[in-house]
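For reference, the structure discussed in these notes is given below.
Heavy atoms only: backbone and side chains are in, while hydrogens, waters and symmetry mates are out. A note on names: the letters A, B, ... follow the listed sequences, proteins ahead of strands, and every chain is numbered from 1.
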Protein chains: 2
Amino acid sequence: MVVRELDADRVFAALADATRRDIVTRVLRGEASVTALARCYEMSFAAVQKHVAVLERARLVTKERRGREQLVRGDITTVRAAGHLLEQFERVWAGRVERMHELLAEEAEGNPEGPS
Amino acid sequence: MVVRELDADRVFAALADATRRDIVTRVLRGEASVTALARCYEMSFAAVQKHVAVLERARLVTKERRGREQLVRGDITTVRAAGHLLEQFERVWAGRVERMHELLAEEAEGNPEGPS
DNA sequence: GTAACGTACAACCTCGTGGTTGTACGTGAG
DNA sequence: CTCACGTACAACCACGAGGTTGTACGTTAC
């Protein structure tokens, strides 16, 4: 397996919100309970809980029960998987540039073996 | 300027759709008109047009009029900017690991100058 | 045991998104 | 000039996202 299947739709959608990106940053720095996270933002506990749920479905965070608390921690592997997807765009783009160079080279050489 | 201000919300939201990611791939490989793109997908022209508009607002693509056509091309710099944002998550995560190592080191040394 | 805490979830509202069809307008070809 | 083409945009619909409040349930503290 490629470490794990990446649900690109869910991951990018989850990252498309400033609050959620902030939550990811916090729990990447160190685990935190849902209520501890909720205290950081000016919105209801339920709202934060939903954000965490979105991040969990995207596998950007994991939850682990400890006593009556639920500890949330960031999952760096999913972040990396998203980064790799972006790198694929880079490769596509680089490939296009390479093809352009080939064309230019052929023209400069007077198309010795180019298409008729 | 940091090359240009990245609107993370818009960029990630734009990337959170398979059709739009496919469009980005195509126009990163080589420019294409909106109708040419529309022919690639089983949805109305207007729908594809909207997707392109979303990508344009996120600056993932640029449009340039040529005659009666509108040429769409991918903007690799925005893709890179998004990648750099993901790398910031990596750094946060790495920083946490580093701090963990410091704590372990202090414990191993018997906390010669640690907190009372 | 009881009370407070941390969590989960349902119901509800509003707004943006992704799709449709229809219409209008500028440009290029014949 | 005329007509087809490429594009733009408005109106509409269905659905999910993001927020709220209220309620319920398990767990810890006292």
Side-chain angles (χ1 to χ4, degrees), chain A residues 6-27 30-75 78 82, chain B residues 6-27 30-75 78 82:
Chain A
L6 174 73
D7 187 334
D9 282 28
R10 276 202 245 281
V11 173
F12 285 125
L15 290 174
D17 182 283
T19 303
R20 285 196 292 262
R21 286 194 301 276
D22 196 70
I23 290 177
V24 170
T25 304
R26 285 181 195 274
V27 297
E31 60 190 16
S33 72
V34 183
T35 22
L37 286 173
R39 272 192 283 270
C40 301
Y41 308 98
E42 291 188 346
M43 65 181 78
S44 69
F45 168 80
V48 174
Q49 198 182 7
K50 281 192 183 182
H51 281 306
V52 172
V54 169
L55 291 170
E56 191 182 16
R57 279 200 306 158
R59 309 218 228 200
L60 279 162
V61 307
T62 59
K63 288 200 293 188
E64 185 191 347
R65 176 137 251 137
R66 197 177 66 184
R68 65 182 169 183
E69 288 186 336
Q70 191 91 252
L71 293 186
V72 183
R73 49 171 67 92
D75 186 341
T78 302
Chain B
L6 174 73
D7 187 333
D9 282 26
R10 276 201 245 280
V11 172
F12 286 125
L15 290 174
D17 181 283
T19 302
R20 285 197 293 262
R21 286 195 302 275
D22 195 71
I23 291 178
V24 169
T25 304
R26 286 181 195 275
V27 299
E31 60 191 15
S33 72
V34 181
T35 24
L37 286 173
R39 272 192 283 272
C40 301
Y41 308 98
E42 292 188 346
M43 65 181 78
S44 69
F45 168 81
V48 174
Q49 198 181 9
K50 280 192 182 181
H51 281 306
V52 172
V54 170
L55 291 170
E56 192 182 14
R57 279 200 305 158
R59 308 219 231 201
L60 279 163
V61 306
T62 58
K63 287 198 293 189
E64 184 191 348
R65 176 138 253 137
R66 196 177 65 184
R68 64 182 170 185
E69 289 185 334
Q70 190 92 248
L71 293 186
V72 183
R73 49 170 69 91
D75 186 342
T78 302

Query - Length of the CG-C1' vector between Asp9(A) and dG16(D), whole Å - result: 13 Å
Query raised in the report: Could you give the CZ-to-C1' distance, from Arg57(A) to dA8(C), as a whole number of Å?
Result: 16 Å
Query raised in the report: Please give, in whole Å, the distance from dT7(C) P to Lys63(A) NZ?
Result: 9 Å
Query raised in the report: OP1 or OP2 of dG18(C) less than 4.0 angstrom from a side-chain nitrogen or oxygen of Thr19(B), does that happen here?
Result: no
Query - Whichever of Gly67(A) and Phe45(A) has its nearest DNA chain D nucleotide further upstream toward 5' - result: Phe45(A)
Query raised in the report: OP1 or OP2 of dA10(C) sitting under 4.0 Å from any side-chain N/O of Lys50(A)?
Result: no
Query raised in the report: Could you give the angle between the helix axes at the two ends of the helix from dG1(C)-dC30(D) to dG30(C)-dC1(D), with five pairs per end, rounded to 10 degrees?
Result: 30°
Query raised in the report: Considering only side-chain heavy atoms of Ala47(A), which listed nucleotide, dT20(C), dG19(D), dT7(D), is closest?
Result: dG19(D)
Requested in this report: Examine dT7(C): is either OP1 or OP2 under 4.0 Å from a nitrogen or oxygen in the side chain of Thr35(A)? Give yes or no.
Outcome: yes
Report task. Provide, to the nearest angstrom, the distance between the CG atom belonging to Leu15(B) and the P atom belonging to dG18(C). Result -> 12 Å
Query - Rounded distance (Å) that lies between atom C1' of dG16(D) and atom CG of Asp17(A) - result: 14 Å
**Report entry** Closest contact, heavy atoms only, Thr78(B) versus Arg59(B)
**Finding:** OG1-O, 2.7 Å
Query - Separation of dT7(D) P from His51(B) NE2 (nearest whole Å) - result: 16 Å
Query - Phosphate-side-chain proximity, Gln70(A) and dT7(C), N/O vs OP1/OP2 below 4.0 Å - result: no
Requested in this report: State, with a plain yes or no, whether a side-chain heavy atom of Glu31(B) is found less than 4.5 Å away from one of Arg66(B).
Outcome: yes
Query raised in the report: Ala46(A) has a side chain; which of dG6(D), dT7(C), dC9(C) sits nearest to it?
Result: dC9(C)
Report summary line: When rounded to the nearest 0.5 Å, the distance separating OG1 of Thr19(A) from CG of Leu37(A) is 11.5 Å
Report task. Report the distance from atom CD of Gln49(A) to atom P of dA10(C), rounded to the nearest whole Å. Result -> 11 Å
Query - From Glu56(A) atom CD to Asp75(A) atom CG, the distance as rounded to the nearest 0.5 Å - result: 11.0 Å
Requested in this report: State the CZ-OH distance between Arg26(A) and Tyr41(A), to the nearest 0.5 angstrom.
Outcome: 4.0 Å
Query raised in the report: Distance-only, no hydrogens or angles: does the Arg21(B) side chain make a donor-acceptor pair with backbone N or O of Leu15(B) under 3.5 Å?
Result: yes
Report summary line: Arg68(A) has its side chain closest, among dA8(D), dC5(C), dT20(D), to dC5(C)
Report task. Return the nearest nucleotide to the side chain of Val34(A); candidates are dT7(D), dA8(C), dG6(D). Result -> dA8(C)
Report summary line: Note: for Val48(B) and Glu69(A) on DNA chain C, the residue whose nearest nucleotide lies more 5' is Glu69(A)
Report summary line: Between Val11(A) and Leu60(A) the two heavy atoms that sit nearest each other are O-CD1, 4.0 Å
Report task. Whole angstrom is fine here: how far is it from CE in Met43(B) over to C1' in dT21(C)? Result -> 16 Å
Report task. Tell me what Arg39(B) touches on the nucleic acid: a base, only sugar-phosphate, or nothing, going by heavy atoms under 4.0 Å. Result -> nothing
**Report entry** Phe45(A) and Val34(A), any side-chain heavy atoms less than 4.5 Å apart
**Finding:** yes
Query raised in the report: For dT20(C), does OP1 or OP2 lie under 4.0 Å from any side-chain N or O of Ser44(B)?
Result: yes
Requested in this report: Please determine if a side-chain N or O atom of Arg66(A) lies less than 4.0 Å away from the OP1 or OP2 oxygen of dT27(D).
Outcome: no
Query raised in the report: Does OP1 or OP2 of dG18(C) have a side-chain N or O of Arg20(B) closer than 4.0 Å?
Result: yes
